Colleague: 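I'd like to ask some things about the structure below.
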Amino acid sequence: YRDHTADVIDLSWSHTNFLLTASVDKSVRLYHFSKANCLHLFKHANLVASVDFHPLDDRYFISGG
C-alpha cells in the first residue's frame, strides 16, 4: 500500500484481516488484505504516532499523536 504521503509510524492488524496505518502525513488509513486500495482515510490535525484496533470489536479503533 502506497497511499500515505509521508512515513508510516505505526500499524495495527485486526482479527478479521483489516489493517490500520498511522502516519506523519496526519492520517490513519484503513485497508483490507483482499482489496488493492485504501478503504477509508481518517484525517487528523497533527501527525499520528499510534493506532490500535479495539481488542474485542474491530469496528472501533483509537489513534493519537
Side-chain angles (χ1 to χ4, degrees):
Y1 303 113
R2 299 174 187 255
D3 297 310
H4 284 288
T5 59
D7 292 338
V8 171
I9 297 176
D10 195 19
L11 56 85
S12 178
W13 281 101
S14 76
H15 63 277
T16 55
N17 297 313
F18 285 94
L19 173 66
L20 287 169
T21 57
S23 175
V24 176
D25 69 6
K26 302 179 184 177
S27 71
V28 169
R29 290 182 179 265
L30 175 68
Y31 299 94
H32 191 268
F33 83 97
S34 67
K35 305 290 182 187
N37 297 321
C38 174
L39 299 175
H40 195 82
L41 167 65
F42 301 92
K43 294 182 181 180
H44 288 62
N46 295 300
L47 71 87
V48 188
S50 60
V51 66
D52 204 1
F53 279 102
H54 187 282
L56 301 176
D57 189 345
D58 67 5
R59 293 177 299 164
Y60 303 100
F61 72 90
I62 190 167
S63 60

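Predicted model only: the values in this text are computed from it and were never measured.
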Colleague: For L39 and F18, run side chain to side chain contact (heavy atoms under 4.5 Å, CB included): C-alpha distance rounded to whole Å, both residues' side-chain angles, the deciding distance at 0.1 Å, then the answer.
Modeller: CA-CA 10 Å; L39 299 175; F18 285 94; 3.7 Å; yes

Colleague: Could you give the distance from NZ (K26) to NE2 (H4), rounded to the nearest 0.5 Å?
Modeller: 14.5 Å

Colleague: Using modelled atom types and a 3.5 Å cut-off, is there a donor and acceptor pairing between side-chain atoms of D7 and backbone atoms of V24?
Modeller: no

Colleague: Specify the closest pair of heavy atoms between F53 and F61, including all atoms of both residues, with the distance to one decimal.
Modeller: CA-CB, 4.0 Å

Colleague: Under a single-linkage definition using a 4.5 Å side-chain heavy-atom cutoff for Ile, Leu, Val, Met, Phe, Trp and Tyr, are L20 and V8 assigned to the same hydrophobic cluster?
Modeller: no

Colleague: With a 4.5 Å heavy-atom cut-off, do K35 and N37 have their side chains touching?
Modeller: no

Colleague: For side chain to side chain contact (heavy atoms under 4.5 Å, CB included), just list the numbers for N17 and H32, CA-CA rounded to whole Å, side-chain angles, deciding distance to a tenth of an Å, and then say yes or no.
Modeller: CA-CA 6 Å; N17 297 313; H32 191 268; 3.9 Å; yes

Colleague: Would you say that more than 12 heavy atoms from the other residues, nucleotides or ligands in this model lie under 6.0 Å from the CG of L41, or not?
Modeller: yes

Colleague: Would you compute the distance between atom NE2 of H44 and atom CG of D25 and round it to the nearest 0.5 angstrom?
Modeller: 10.5 Å

Colleague: Does CG in D57 sit with more than 12 non-hydrogen atoms of other residues, nucleotides or ligands closer than 6.0 Å?
Modeller: yes

Colleague: Hey, could you give me the OG1/CD1 distance between T21 and I9, rounded to the nearest 0.5 Å?
Modeller: 11.0 Å

Colleague: Assigning hydrophobic clusters by single linkage (Ile, Leu, Val, Met, Phe, Trp, Tyr; side-chain heavy-atom cutoff under 4.5 Å), is V28 placed with Y31?
Modeller: no

Colleague: Consider only side-chain N and O atoms of S12 and D52, and report whether a donor and an acceptor are under 3.5 Å apart.
Modeller: yes

Colleague: Is there a path of hydrophobic side-chain contacts, each under 4.5 Å between heavy atoms of I/L/V/M/F/W/Y residues, joining V51 to L30?
Modeller: yes

Colleague: Please name the pair of heavy atoms, one in A6 and one in S23, separated by the smallest distance, quoted to 0.1 Å.
Modeller: O-OG, 3.3 Å

